[in-house]
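A quick note: this is a predicted structure, and the numbers were derived from the prediction, not measured.
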Amino acid sequence: MAIILWLPTFITKSAFFIGDDNTPLYNIIISLFDFSPFIINTIVFAIFVISLFLFNSVLSANRLVNKYSTVGSYTFVLMMCVSSNMPACYPFILACPFILMAMHTLFLIYQTENPENYMMNIGYFIAVASLFYYPSIFLMLWVFVSFLILGFRKLRYILIPFVAFMIVNAIVIGVAFLFGNYDNLIESYSSFFNNVTLSFDMTVGNVFMLILTTFLFIISLIKVLGSRNSDYGSNFKKRVGVGIVMTVLSALVFFMHGPLMGNIMIFMMYAFFYAIALSDMKKSKIADIVMIVMTVIFLANQYLPLFGITI
């Protein structure tokens with residue numbers, strides 16, 4: 001399904017995105033392979049596939065879905081292709097594996113007697129993600145709030161991921177200074193965060209898909225919060241709380257900067273709650289029908305533009 005939904009991108013040779021306000025590692029990849037959109041799309045698709053397996057692993061390893069379920073992978077694939085514009089070389093897709101590793105690590109810290117190393121890793125992962133996708137920086141706020149939810153309220157715990165985050169960025173700034181790119185790096189950061197547009201410029205089709213997926217998210221969230229599954233203890237509730245915080249933050253990030261359909265962390269979090277809700281449904285036929293309908297809609301959304309039909 002991932003191949004089928006991404007195929008139009010290879011057929012149309014979708015443009016990649018580069019500019020003064022793009023991120024250091026993203027720009028390096030684009031600069032290396034700007035002679036071939038096919039190679040760039042292939043690299044991004046490979047990272048996308050890695051992300052969908054990571055996403056499913058995060059859900060199953062933390063007992064948010066059945067251990068052998070693939071519902072996480074499938075919902076991730078669909079939600080990352082909500083719009084015909086989304087299967088493309090956006091910075092978020094390159095940052096996604098590191099964001100997922102940060103999420104999984106955050107779920108692990110309260111299950112070990114020595115969480116400090118895990119906390120450092122969270123800071124490292126978010127720092128690397130921010131070098132591909134600047135809004136990842138705001139995930140540090142997500143980490144701090146999540147620490148409070150998980151019971152890590154001491155100041156030293158909160159400072160550990162922050163220090164790790166700053167170490168990576170200090171190295172990047174140092175390298176940029178040595179190679180004479182310091183001014184460009186600072187200008188890039190400044191340009192991105194000073195040009196927050198809070199734009200609502202979306203096509204009718206994208207608005208419809210946003211409303212539809214948000215409605216399904218609300219239904220899924222109600223289902224998850226109201227679940228009486230005996231396996232869902234305090235650990236499950238804490239993980240759901242961490243997911244809710246990340247979803248709220250993703251919703252704020254979504255409207256910060258154009259193109260809106262490039263800020264798709266919110267759809268990843270929608271997939272997070274869809275997967276949990278679908279895997280907990282007692283009547284599997286309902287879940288099957290929901291997934292089939294969503295699949296048909298998203299397939300139509302990807303392939304109709306090839307025939308000159310845009311919604």
Side-chain angles (χ1 to χ4, degrees), residues 23 51 54-55 57-59 61-62 64 72 76 79-80 90-111 115-169 189 192-193 196 198 214 217 220-221 224-225 235-257 262-276:
T23 49
S51 297
L54 280 173
F55 184 81
S57 297
V58 170
L59 292 172
N62 292 285
L64 294 168
F76 181 88
M79 294 311 300
M80 292 294 100
Y90 285 112
F92 171 79
I93 295 179
L94 302 180
C96 190
F98 300 99
I99 294 174
L100 289 171
M101 286 189 284
M103 177 185 287
H104 180 58
T105 307
L106 190 60
F107 288 152
L108 293 175
I109 61 173
Y110 63 93
Q111 303 177 52
E116 288 83 358
N117 289 338
Y118 288 105
M119 293 176 176
M120 288 289 288
N121 290 341
I122 293 170
Y124 293 141
F125 289 141
I126 293 177
V128 175
S130 70
L131 297 177
F132 286 107
Y133 179 62
Y134 278 146
S136 301
I137 291 174
F138 294 107
L139 290 177
M140 292 303 299
L141 176 61
W142 164 67
V143 172
F144 298 151
V145 176
S146 297
F147 274 16
L148 299 179
I149 294 174
L150 299 176
F152 296 95
R153 297 181 175 89
K154 293 182 180 180
L155 181 61
R156 72 184 186 92
Y157 286 140
I158 295 176
L159 289 177
I160 288 173
F162 178 76
V163 170
F165 178 86
M166 294 305 298
I167 288 173
V168 174
N169 280 278
Y189 274 101
F192 189 92
F193 290 104
V196 175
L198 296 178
T214 302
F217 160 71
S220 299
L221 182 60
V224 171
L225 294 177
N235 287 345
F236 174 82
K237 293 178 181 178
K238 288 179 179 178
R239 291 163 185 158
V240 168
V242 169
I244 291 173
V245 173
M246 192 169 185
T247 305
V248 172
L249 185 64
S250 301
L252 297 176
V253 169
F254 180 75
F255 294 104
M256 279 186 58
H257 212 278
N263 299 318
I264 54 179
M265 185 159 56
I266 187 173
F267 295 109
M268 181 185 77
M269 295 313 300
Y270 282 2
F272 180 86
F273 285 98
Y274 291 167
I276 299 173

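Here the closest heavy-atom approach between residue Ala102 and residue Ile122 is recorded as O-CG1, 4.0 Å. For the residue pair Ser130 and Thr23, the shortest heavy atom distance occurs at O-CG2, 3.7 Å. Shown here for Arg153 and Leu148, the closest heavy-atom pair between the two residues is NH2-O, 3.0 Å. Heavy atoms only, all atoms of each residue included: Phe273 and Ser220 are closest at O-CB, 3.7 Å. Minimum heavy-atom separation, Phe165 to Asn169: O-ND2, 2.9 Å. Minimum interatomic distance between Ile99 and Ala129 (heavy atoms only, all atoms of both residues): CG1-CB, 3.9 Å.
Defined by atom type and a distance below 3.5 Å, a donor-acceptor pair is present between the side-chain atoms of Thr214 and Tyr270.
The number of heavy-atom neighbours closer than 6.0 Å to CZ of Phe162, taken from other residues, nucleotides and ligands shown, is 12 or below. The environment of Tyr118 atom OH is sparse: at most 12 non-hydrogen atoms of other residues, nucleotides or ligands sit within 6.0 angstrom.
With contacts defined as side-chain heavy-atom distances shorter than 4.5 Å, the pair Leu249/Leu139 qualifies. For the pair Met101 and Tyr124, the minimum side-chain heavy-atom distance is 4.5 Å or more. Side-chain contact between Leu131 and Phe98 is absent, with no heavy atoms from C-beta onward closer than 4.5 Å. With contacts defined as side-chain heavy-atom distances shorter than 4.5 Å, the pair Phe125/Leu100 does not qualify. Looking at Met119 and Phe147, their side chains come closer than 4.5 Å, going by heavy atoms from C-beta outward. You'll find the side chain of Leu64 reaches within 4.5 Å of the side chain of Phe236, heavy atoms only. Side-chain contact between Ser51 and Ile93 is absent, with no heavy atoms from C-beta onward closer than 4.5 Å. Using a 4.5 Å cut-off on side-chain heavy atoms (C-beta onward), Cys96 and Met268 make contact.
Here the straight-line distance linking atom CG of Leu106 with atom CG of Asn121 works out to 12.0 Å at 0.5 Å rounding. Taking CE of Met166 as the reference point, atom CG of Leu159 lies at 12.0 Å (rounded to 0.5 Å). Note that CG of Asn62 is 9.5 Å distant from CE of Met103, once rounded to the nearest 0.5 Å. In this structure, CG in Leu150 is found 6.5 Å from NZ in Lys238, a value given to the nearest 0.5 Å. Here CH2 of Trp142 is found 4.5 Å from CE of Met246. Values are rounded to the nearest 0.5 Å. Atom CD1 in Ile264 sits 13.5 Å away from atom CE in Met269 (nearest 0.5 Å).
Every residue meeting the salt bridge (charged side-chain N to carboxylate O under 4.0 Å, His left out) condition with Arg156, not counting sequence neighbours, appears here in chain and number order: Glu116.
Counting only residues at least two apart or in different chains, salt bridge (Lys or Arg N to Asp or Glu O under 4.0 Å) contacts with residues 95-107 are absent.
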Verdict with supporting geometry, Phe272 and Thr247, side chain to side chain contact (heavy atoms under 4.5 Å, CB included): CA-CA 9 Å; Phe272 180 86; Thr247 305; 5.9 Å; no
Trace of the side chain to side chain contact (heavy atoms under 4.5 Å, CB included) decision for Ile244 with Leu225: CA-CA 11 Å; Ile244 291 173; Leu225 294 177; 4.3 Å; yes
Phe254 vs Phe267, side chain to side chain contact (heavy atoms under 4.5 Å, CB included): CA-CA, chis, key distance, verdict: CA-CA 10 Å; Phe254 180 75; Phe267 295 109; 3.8 Å; yes
Side chain to side chain contact (heavy atoms under 4.5 Å, CB included) between Phe255 and Asn263, worked out: CA-CA 8 Å; Phe255 294 104; Asn263 299 318; over 6 Å; no
